[in-house]
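Shown next, in structure tokens, is the structure this report addresses.
In what follows, chains carry the letters A, B, and so on, assigned in the order in which the sequence lines appear, proteins first and then strands, with residues in each chain numbered from 1.
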Number of protein chains: 4
Amino acid sequence: MRADARRNRERLLEAAEKVFAERGTSAATEEVAKAAGVGVGTLFRHFTTKEALLEAVFRARMDAAADRMERLLAADDPGAAFREMFLGNVAESSRKSAYIEALAAAGIRVDVTSDATRPRIHATLEALLRRAQEAGAVRKDVDPDDVIALLVGAARAAEHAEGAGGGPAARTRAAEMVLDGLMR
Amino acid sequence: MRADARRNRERLLEAAEKVFAERGTSAATEEVAKAAGVGVGTLFRHFTTKEALLEAVFRARMDAAADRMERLLAADDPGAAFREMFLGNVAESSRKSAYIEALAAAGIRVDVTSDATRPRIHATLEALLRRAQEAGAVRKDVDPDDVIALLVGAARAAEHAEGAGGGPAARTRAAEMVLDGLMR
Amino acid sequence: MRADARRNRERLLEAAEKVFAERGTSAATEEVAKAAGVGVGTLFRHFTTKEALLEAVFRARMDAAADRMERLLAADDPGAAFREMFLGNVAESSRKSAYIEALAAAGIRVDVTSDATRPRIHATLEALLRRAQEAGAVRKDVDPDDVIALLVGAARAAEHAEGAGGGPAARTRAAEMVLDGLMR
Amino acid sequence: MRADARRNRERLLEAAEKVFAERGTSAATEEVAKAAGVGVGTLFRHFTTKEALLEAVFRARMDAAADRMERLLAADDPGAAFREMFLGNVAESSRKSAYIEALAAAGIRVDVTSDATRPRIHATLEALLRRAQEAGAVRKDVDPDDVIALLVGAARAAEHAEGAGGGPAARTRAAEMVLDGLMR
DNA sequence: TATGAATGAGACTTCATTCAT
DNA sequence: AATGAATGAAGTCTCATTCAT
């Protein structure tokens with residue numbers, strides 16, 4: 001891929017993230033193209049379909065999450081690392097659920113789609129969880145899938161709390177309460 | 001209102017709930033009308049706008065939730081009542097969040113809209129919460145708004161867990177874990 | 001026809017005249033029914049079609065015009081009578097053209113439709129015109145059809161002048177100027 | 001604008017003028033698109049709204065009228081120029097009034113809309129009128145607004161006369177009679 | 001390769017007309 | 001005979017996607 005093509009791809013991804021976050025995933029692709037400073041044609045050359053774009057944005061977020069989480073594997077305190085992982089993901093995931101829902105509505109199962117990131121996240125999460133459990137910081141009866149579900153839920157709770165008038169502080173508060181149920 | 005008109009309204013509400021749950025809130029109104037066995041015109045006579053329909057469905061769910069919660073006020077054990085309220089709402093609320101999001105995307109603040117149900121729910125929730133706290137079953141540092149945010153989050157977590165392959169059992173499991181953070 | 005039925009017909013005609021004048025002939029039939037205080041069903045029992053209603057309103061105006069004109073046949077001064085006829089018709093005809101246009105758009109030729117009023121108007125107009133011409137008050141080279149065309153034109157000019165900001169006085173002014181071309 | 005885009009815009013304008021003249025301004029936009037040989041989408045890309053299209057057609061006619069009138073400023077005989085201006089406008093304006101009415105019905109005041117053509121027309125008309133008055137060809141007591149109103153009325157009269165069976169000749173005849181009221 | 005004009009299916013909504021009550 | 005709920009064709013407009021420039 002030529003350098004300028006790669007650059008356009010990057011810009012489109014950023015623009016998409018911004019536009020979909022602000023106006024919802026039903027925003028027009030043309031808006032995304034405009035925000036990226038390119039024509040629609042270019043957008044469709046890079047992402048064959050609106051859903052492909054949505055998926056790419058979602059994956060980019062997942063990759064970033066995976067990176068963040070892997071960095072925490074090096075931490076000394078397993079409990080603190082787990083906590084930071086949880087809160088960090090909630091903080092970053094604000095509108096991520098919207099992508100999943102939009103894709104689900106289009107009949108695309110993100111979970112099922114072949115994806116190199118998924119197993120990577122799963123493995124990292126499992127390691128962080130196991131260590132925290134061995135250190136006695138997290139309940140023994142939860143598995144990685146539980147954590148993912150609660151992560152999704154905490155993100156949603158944070159979103160709601162913030163929207164209902166609690167402001168940014170409410171985001172953290174909701175996530176902390178969910179964490180309280182996991183960590184002992 | 002004539003008997004047949006009321007009956008159609010009821011049917012439309014049911015059809016809308018079903019169709020929007022199955023195909024997402026972006027399903028065509030015509031689909032809803034067809035599912036209800038009436039013409040589109042009838043749908044629009046009852047609900048002036050697609051958003052009005054979405055809102056009506058949302059309100060119907062809220063009313064049902066309020067009824068369920070009020071019934072629990074009569075329970076003997078405040079802790080069990082609170083627990084039941086929480087789990088019951090999660091069980092019923094599967095796609096409720098979708099309505100809120102669709103309405104929010106349309107610029108309609110359901111929270112702000114004048115609504116007799118909202119204060120009713122709030123008051124009931126507050127009573128259930130206070131009693132459970134006085135009985136020592138629930139943490140003292142949570143307020144009704146926290147409970148609502150966690151309810152929304154737990155519902156989302158349950159939805160995700162179920163979708164990710166956990167089956168119906170996973171729904172309850174996720175909600176229980178959130179509850180564990182609230183109840184002592 | 002029963003007395004109440006006739007009464008409804010009358011009310012509908014009045015309501016239609018008012019509603020169509022205020023909101024244009026594209027106003028909904030339901031609006032007319034509401035203004036008349038009856039259901040749409042009643043409206044359609046009396047007038048099989050929206051166009052039939054439009055036509056009835058148009059005819060009612062034509063009948064009124066015919067009455068006014070016939071009364072002028074008894075006047076002493078033929079010139080004054082002609083003048084009064086002309087200005088009177090312009091004054092009353094404000095939105096009449098709208099009916100004709102709406103009917104024309106629907107492919108209905110009002111002129112052609114069998115109508116007892118038309119020949120009556122034509123005859124009266126002819127008489128008024130001939131007398132005024134014989135009295136030397138009106139140009140000899142105009143025929144009844146010319147007068148009708150100029151009447152329609154003067155009404156339109158009056159409408160425009162009024163709408164353009166001239167106020168009610170401008171209505172008369174425009175009509176007078178057209179009359180000046182006819183009367184010597 | 002790209003060459004093909006400008007060409008389509010032109011085609012749309014022509015098609016709209018034709019379709020609206022033949023079937024009335026309530027003709028479907030889809031008809032206009034078909035007549036222009038383009039898709040509806042293209043029509044709406046060029047004219048955001050049906051009213052915008054109507055307005056554009058109206059303006060195009062006004063521009064053409066302004067051009068015709070300006071050309072007459074160079075004429076030798078002021079009276080003949082005024083006469084030609086009047087008859088020429090009536091000849092060309094057949095359905096123009098329909099646009100104004102459609103726009104008015106939609107709540108759009110064409111007169112008020114910022115428009116470079118309007119003052120241009122007004123100025124030209126004023127010059128033609130003043131010269132004709134100074135040459136003693138036109139009554140001294142009429143102002144440009146009167147002329148415009150009479151122009152609108154004469155056009156309407158011509159339209160009626162033609163429609164009532166007089167044929168094209170009747171158009172001129174009606175306009176001449178109105179002119180007779182203005183010119184001495 | 002990038003652009004943005006063109007496309008047309010499909011969405012929401014209105015309204016003349018019919019028909020059960 | 002009156003009512004007004006139901007109907008569905010038709011209208012306006014949007015938007016993902018294609019294609020000429």
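Nearest-nucleotide positions on DNA chain F place Arg45(C) closer to the 5' end than the other of Gly39(B) and Arg45(C).
Rounded to a whole Å, the CZ atom of Arg23(A) is 11 Å from the P atom of dC15(F). When the C1' atom of dA6(F) is taken as reference, atom CD of Glu10(B) falls 18 Å away, rounded to whole Å. Rounded to an integer number of Å, the gap from CG of Leu43(B) to P of dA11(E) is 14 Å. If you take CZ of Phe47(A) and P of dA2(E), they are 12 Å apart, rounded to a whole angstrom. With rounding to whole Å, Phe20(C) atom CZ is found 12 Å from dC15(E) atom C1'. Atoms CG (Leu12(B)) and C1' (dA6(F)) sit 11 Å apart, rounded to a whole Å. Regarding Glu31(A), its CD atom lies at a distance of 12 Å from the C1' atom of dT14(F), rounded to whole Å. Rounded to whole Å, atom P of dC15(E) lies 15 Å from atom CG of Leu53(C).
Residues passing the side-chain contact (heavy atoms from CB on, under 4.5 Å) test with Asp4(B) are Arg2(B), sequence neighbours excluded. For Thr42(A), the side-chain contact (heavy atoms from CB on, under 4.5 Å) test picks out Asn8(A), Val38(A), His46(A), with sequence neighbours left out. When the side-chain contact (heavy atoms from CB on, under 4.5 Å) test is applied to Thr49(C), the partners found at least two apart in sequence or on another chain are Glu51(C), Ala52(C). Taking the side-chain hydrogen bond (donor to acceptor under 3.5 Å, both in side chains) definition, one finds that Glu14(D) meets it with nothing, sequence neighbours left out. With sequence neighbours left out, the side-chain hydrogen bond (donor to acceptor under 3.5 Å, both in side chains) criterion links Glu10(D) to no other residue. Under the salt bridge (charged side-chain N to carboxylate O under 4.0 Å, His left out) criterion, Glu31(B) pairs with Arg23(B), not counting sequence neighbours.
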Using a 4.0 Å heavy-atom cut-off to protein, can you give one letter per nucleotide of nucleotides 16-21 of chain E, 5' to 3': B if the base is in contact, S if only the sugar-phosphate is, - if neither? SBB---
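Here His46(D) reaches the OP1 or OP2 of dA6(E): one of its side-chain N or O atoms lies under 4.0 Å away. Distances shown here put every side-chain N or O of Asn8(C) at or beyond 4.0 Å from the OP1 or OP2 atom of dA1(F).
Exactly one of Val57(D), Thr29(D), Leu54(D), Leu13(D) qualifies for a side chain to side chain contact (heavy atoms under 4.5 Å, CB included) with Phe47(D). That residue is Leu13(D).
With respect to the salt-bridge test (charged N to carboxylate O, under 4.0 angstrom), the residues Lys34(C) and Glu30(C) do not qualify.
Base pairing in DNA chain E gives the following stems of 3 or more Watson-Crick or G-U pairs, range against range and under 3.5 Å: E:2-21 with F:2-21.
Within 6.0 Å of the CD atom in Glu22(D), the count of heavy atoms belonging to other residues, nucleotides or ligands exceeds 12.
The side chain of Thr42(A) has dA2(E) as its nearest neighbour among dT3(F), dA2(F), dA2(E).
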